[in-house]
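The structure presented is a predicted model; accordingly, all values stated were derived computationally and were not measured. Note that these values count all heavy atoms, side chains included, but never hydrogens, waters or copies made by symmetry.
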Amino acid sequence: MGKVIGGFEESDPPSLPLKSNPHMHLLEAALAWIDATNGAAQAPWIELAREIVGLCLTRFMDASTGAIREYFDYQWNAAAGDDGRIVEPGHQFEWAWLLMQWASSTHASPSERRACLEAADRLVELGERWGVDAVRGVAINELWDDMTVKESAAKLWPQTERLKAWCCHALEGAYARRAGAGLRLHRRGCPGHDEVFACRRARSVA
């Protein structure tokens with residue numbers, strides 16, 4: 001259900017918290033539909049992608065740190081309590097990848113391209129500096145908004161998002177060496193290196 005101030009609610013009647021994560025996946029779907037269509041059929045997907053990118057840059061992203069939060073109130077302010085303080089390193093990398101995808105689109109304006117690339121740079125830098133365990137070399141699950149560790153366990157999916165972000169950076173002509181390091185990290189996390197990841201069941205998430 002669409003909101004007047006932008007974005008979508010997940011239930012009717014609305015319930016809290018509102019979340020950035022479903023919007024991230026909706027942006028990913030919109031970008032895929034833009035690639036799969038042409039002409040007039042592209043128009044609603046371009047509009048949707050532009051709206052979500054704008055929401056990301058103006059609402060989801062913390063103005064002081066540049067980090068993207070997970071949970072919000074009805075006005076897209078950080079949710080009250082601990083929920084509003086949660087930052088996921090994997091999502092910083094994933095949002096960076098999506099922002100770079102939009103920046104490379106012919107439908108992005110020069111100002112959008114510039115804003116998206118600057119934001120993506122900040123997100124990747126933040127994820128690397130605060131969200132990667134220096135000993136294990138993996139992206140951890142969660143931080144607090146002051147960049148202290150909330151949960152040091154490491155799931156597999158944040159590693160793939162980190163890799164995608166660095167590969168996209170390489171396509172932009174920068175950070176190719178870091179992308180190569182990400183590939184080696186991914187190989188090191190394969191079977192035979194169980195000390196890197198804890199093997200356990202994980203609930204399905206959107």
Side-chain angles (χ1 to χ4, degrees), residues 1-37 40-99 101-102 105 107-109 112 115-116 119-120 122-123 126-127 131 139-151 153 155-158 160-161 200-206:
M1 184 169 129
K3 293 175 62 64
V4 174
I5 61 172
F8 297 88
E9 292 164 343
E10 297 177 66
S11 61
D12 187 14
S15 61
L16 291 177
L18 301 183
K19 306 180 187 75
S20 58
N21 185 40
H23 289 76
M24 180 182 67
H25 291 292
L26 189 57
L27 174 57
E28 186 174 12
L31 293 172
W33 274 108
I34 290 170
D35 286 342
T37 56
Q42 282 185 323
W45 303 111
I46 293 169
E47 181 181 356
L48 178 60
R50 179 169 283 118
E51 176 183 341
I52 297 174
V53 166
L55 196 65
C56 170
L57 297 177
T58 60
R59 300 285 189 168
F60 300 161
M61 189 172 288
D62 183 83
S64 60
T65 65
I68 292 178
R69 298 177 187 269
E70 296 293 319
Y71 303 108
F72 300 85
D73 67 13
Y74 289 124
Q75 301 302 312
W76 292 119
N77 300 308
D82 285 347
D83 279 355
R85 298 190 56 213
I86 295 173
V87 173
E88 295 194 15
H91 284 160
Q92 311 309 299
F93 292 119
E94 192 166 2
W95 273 108
W97 175 68
L98 290 169
L99 291 175
Q101 296 294 308
W102 177 248
S105 168
H107 307 291
S109 69
E112 287 175 327
C116 286
R122 289 196 302 272
L123 290 168
L126 184 151
I140 63 173
N141 287 348
E142 292 180 325
L143 300 169
W144 293 114
D145 58 357
D146 62 0
M147 302 301 118
T148 56
V149 175
K150 178 181 183 293
E151 184 186 342
K155 296 177 182 177
L156 181 58
W157 72 261
T160 65
E161 299 305 336
R200 65 187 185 202
R201 293 191 178 193
R203 66 181 180 86
S204 176
V205 294

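- At a cut-off of 3.5 Å, with distance as the only test, no side-chain donor of E161 or H91 sits close to an acceptor on the other residue.
- For the pair S20 (side chain) and F60 (backbone), a donor-acceptor distance under 3.5 Å is absent.
- Applying side chain to side chain contact (heavy atoms under 4.5 Å, CB included) to L48 and the options L27, V53, L26, I34 leaves one that passes, L26.
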List the atom pairs, with distances to 0.1 Å, where a side-chain N or O of residues 79-87 and a protein N or O form a donor-acceptor pair under 3.5 Å, not counting sequence neighbours.
{"from": "R85", "atom 1": "NE", "to": "D145", "atom 2": "OD1", "distance (Å)": "2.7"}
{"from": "R85", "atom 1": "NH2", "to": "D145", "atom 2": "OD1", "distance (Å)": "3.1"}

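- Residue W102 comes nearest to R50 through the heavy atom pair CZ2-NH2, 3.7 Å, listed as atom of the first residue, atom of the second, then distance.
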Open item on the list: With side chain to side chain contact (heavy atoms under 4.5 Å, CB included) as the criterion, how do M61 and R122 come out once you've worked through the C-alpha distance, each side chain's angles and the decisive distance to 0.1 Å?
Closed with: CA-CA 11 Å; M61 189 172 288; R122 289 196 302 272; 3.5 Å; yes
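- Counting heavy atoms from C-beta outward, L57 and L99 have side chains that approach closer than 4.5 Å.
- Remark: the backbone N or O of S11 is not paired with any side-chain donor or acceptor of S15 at under 3.5 angstrom.
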Open item on the list: Between H23 and W76, is the ring-ring contact (aromatic ring centres under 6.0 Å, His included) condition met? List the steps.
Closed with: CA-CA 12 Å; H23 289 76; W76 292 119; 5.2 Å; yes
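- Put simply, the side chain of E28 never gets that close to the backbone of M24: no donor and acceptor are under 3.5 Å apart.
- The two residues R69 and A78 have their closest heavy-atom pair at CD-CB, 3.7 Å.
- Contact between S109 and E112 at its shortest, heavy atoms only, is N-OE1, 2.8 Å.
- When atom types are taken as modelled, the side chain of E51 and the backbone of G7 share a donor-acceptor pair closer than 3.5 angstrom.
- P158 and F93 get closest at one heavy-atom pair: O-CD1, 4.4 Å.
- With respect to I68, the side chain to side chain contact (heavy atoms under 4.5 Å, CB included) criterion is satisfied by exactly one of L126, N21, L123: L123.
- Checked options E151, E88, K150; the residue passing with N141 is E151 (criterion: side-chain hydrogen bond (donor to acceptor under 3.5 Å, both in side chains)).
- A salt bridge links K19 with E10: the closest approach of a Lys/Arg side-chain nitrogen to an acidic carboxylate oxygen falls below 4.0 angstrom.
- When all heavy atoms of L18 and D73 are compared, the closest pair comes out as CD1-O, 3.2 Å.
- Under a 3.5 Å cut-off, the side chain of T148 and the backbone N or O of W144 do not form any donor-acceptor pair.
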